[in-house]
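So the structure is just underneath, and the comments pick up after that.
Order of the sequence lines sets the chain letters (A, B, ...), proteins ahead of strands, with each chain counted from 1. Just so we're clear, the structure is a prediction, and the values are computed from it rather than from any experiment.
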Amino acid sequence: MRYHDPMVTAPRDEEELHHRATALAGSTLGAVAGRCGLAVPTDLRRSKGWAGRVMETALGADGGSRAVHDFAHLGVELKTLPLQGPTEPRETTYVCTADLTSLGESWEASWVGRKLARVLWVPVEGDPAIPPGERRVGTPWLWSPTAEQTATLRSDWEAFRERLTLEGAAGLTAHAGTWLQVRPKAAHGRARTAAFDAEGRRITVNPRGFYLRTAFTRALLAEAFGE
DNA sequence: TGCTGATCATGG
DNA sequence: CCATGATCAGCA
């Protein structure tokens, strides 16, 4: 094995993926990281995506940082869900970048819609008082949106698209959306990406991404584990 | 530069 | 107190 080869091969199907994830439940992130040869940071200030990278590596995700699903051949997205307490999401959940020049033809065809079509949720302790390496992995579950969830997500997305068309990129504020929202997503405030203004002129703005509100992931947790 | 992984930190 | 807006790291 060359040093840059993944230590864990990609799971061949959803069952294997789910089985692997379930086997990690109860472990600390430090223990999982150790088995993958990943260093454990003292805090997350300069390692914000660490928990997600640990789980990706441990489960054999093959998507890397490309714009494809984490488990490309399965069409499954992996999301760690930091919890404060047993069932409370600590943060909104980033889904993907928003193309501000065109959200897409339809919810189903959109990148955000396809990412959310199938997700392996992995709860992880997210209490900042717990050092990253001591945080425990929870019970994972595979999820696809119900018809009702899809209807609301689609409606949020269509409202974003409408705003983008009528008002340009400035019309997309983080206040809109029941379960989805559009927020800045960039390395820093000077980052620029292509967009349009209300008159349809080409402009450049701070990049945005789609996020799931905590109200939504809280509902998913209740659905998966009961209240 | 843009996409992935997210959490940080301040204003309302 | 918590959502919005800002930011951090790695890779292509």
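If you check every strand for non-hydrogen atoms under 4.0 Å, A/Gly49 touches a base. Looking at heavy-atom distances under 4.0 Å, A/Ala191 makes no contact with the nucleic acid at all.
Listed by chain and number, the residues in a side chain to side chain donor-acceptor pair (under 3.5 Å) with A/Lys115 are A/Glu77 (sequence neighbours excluded). Residues that satisfy the side chain to side chain donor-acceptor pair (under 3.5 Å) test with A/Glu134, not counting sequence neighbours, are absent from this structure. In this structure, the side chain to side chain donor-acceptor pair (under 3.5 Å) partners of A/His73, at least two apart in sequence or on a different chain, are A/Asp62. Listed by chain and residue number, A/Arg201 satisfy the salt bridge (charged side-chain N to carboxylate O under 4.0 Å, His left out) test with A/Asp197 (two or more places apart in sequence, or in another chain). For the side chain to side chain donor-acceptor pair (under 3.5 Å) test, no residue two or more places apart in sequence or in another chain qualifies with A/Thr204. Residues meeting the salt bridge (charged side-chain N to carboxylate O under 4.0 Å, His left out) test with A/Arg20, sequence neighbours left out: A/Glu16. Partners of A/Glu223 under the salt bridge (charged side-chain N to carboxylate O under 4.0 Å, His left out) rule, at least two apart in sequence or in another chain, do not exist in this structure.
You'll find the side chain of A/Val119 stays beyond 4.5 Å of the side chain of A/Leu142, heavy atoms only. Two residues are said to be in side-chain contact when any heavy atoms from C-beta on lie closer than 4.5 Å; A/Thr139 and A/Phe225 meet this criterion.
Listed by first then second residue, pairs satisfying side chain to side chain donor-acceptor pair (under 3.5 Å) with a partner in residues 206-218 of chain A read A/Glu88-A/Arg218, not counting sequence neighbours.
The CZ-C1' distance, from A/Phe210 to B/dC3, rounds to 14 Å in whole Å. Whole-Å rounding puts the A/Leu44 CG to B/dG5 C1' distance at 12 Å. Summarising the geometry, the separation between CG on A/Asp62 and C1' on B/dG5 is reported as 15 Å, rounded to the nearest angstrom. Between the CZ atom of A/Arg183 and the P atom of B/dA6 there is a distance of 14 Å, rounded to whole Å. Taking atom CZ of residue A/Arg192 and atom C1' of nucleotide C/dT7, one finds them 15 Å apart after rounding to whole Å. In this structure, A/Arg208 places its CZ atom 9 Å from P of C/dG5, rounding to the nearest Å. Across the protein-nucleic acid pair, A/His69 atom NE2 and B/dT4 atom C1' stand 14 Å apart, rounded to whole Å. Between the CG atom of A/Asn206 and the P atom of B/dC3 there is a distance of 13 Å, rounded to whole Å.
No hydrogens or angles were tested; on distance alone, nothing pairs the side chain of A/Tyr211 with the base of C/dA3 as donor and acceptor under 3.5 Å. In this model, a side-chain donor or acceptor of A/Lys185 finds a partner on the base of B/dG5 within 3.5 Å.
Each end of the helix from B/dT1-C/dA12 to B/dG12-C/dC1 gets its own rotation axis from five pairs of C1' atoms, and the angle between them is 30° to the nearest 10 degrees.
Closest to the A/Lys48 side chain, of the nucleotides B/dA6, B/dG2, C/dA9, is B/dA6. Of the candidates B/dG2, C/dA6, B/dT4, the closest approach to any side-chain atom of A/Asp70 belongs to B/dT4.
For the contact set between residues 74-86 of chain A and DNA chain B, defined by any heavy atom under 4.0 Å, the members are A/Glu77, A/Lys79, A/Thr80, A/Pro82. Residues from residues 157-179 of chain A lying near DNA chain C, meaning a heavy-atom separation below 4.0 Å, are A/Ala174, A/His175 in numerical order. Contacts with DNA chain C (heavy atom under 4.0 Å) in residues 91-130 of chain A: none are found.
Between A/Trp143 and A/Phe216, the ring planes are perpendicular. Angles over 60° get that label, and only those under 30° would be called parallel.
Distances shorter than 4.0 Å separate some side-chain N or O of A/Gln181 from OP1 or OP2 on C/dT4. Taking 4.0 angstrom as the limit, A/Arg46 places a side-chain polar atom (N or O) nearer than this to OP1 or OP2 of C/dA9. Phosphate contact (OP1/OP2 of C/dA6, side-chain N/O of A/Arg190, threshold under 4.0 Å): absent. For B/dC8, the OP1/OP2 oxygens have a side-chain nitrogen or oxygen of A/Arg90 closer than 4.0 Å.
Under a cut-off of 6.0 angstrom, the local environment of CD in A/Glu105 is sparse, with at most 12 non-hydrogen atoms contributed by other residues, nucleotides or ligands. Shown here is A/Arg192, whose CZ atom has more than 12 heavy atoms of other residues, nucleotides or ligands within 6.0 Å.
No hydrogens or angles considered: a donor-acceptor pair under 3.5 Å links the side chains of A/Arg118 and A/Ser144.
Ring-centre distance between A/Trp111 and A/Phe210: not below the 6.0 Å cut-off.
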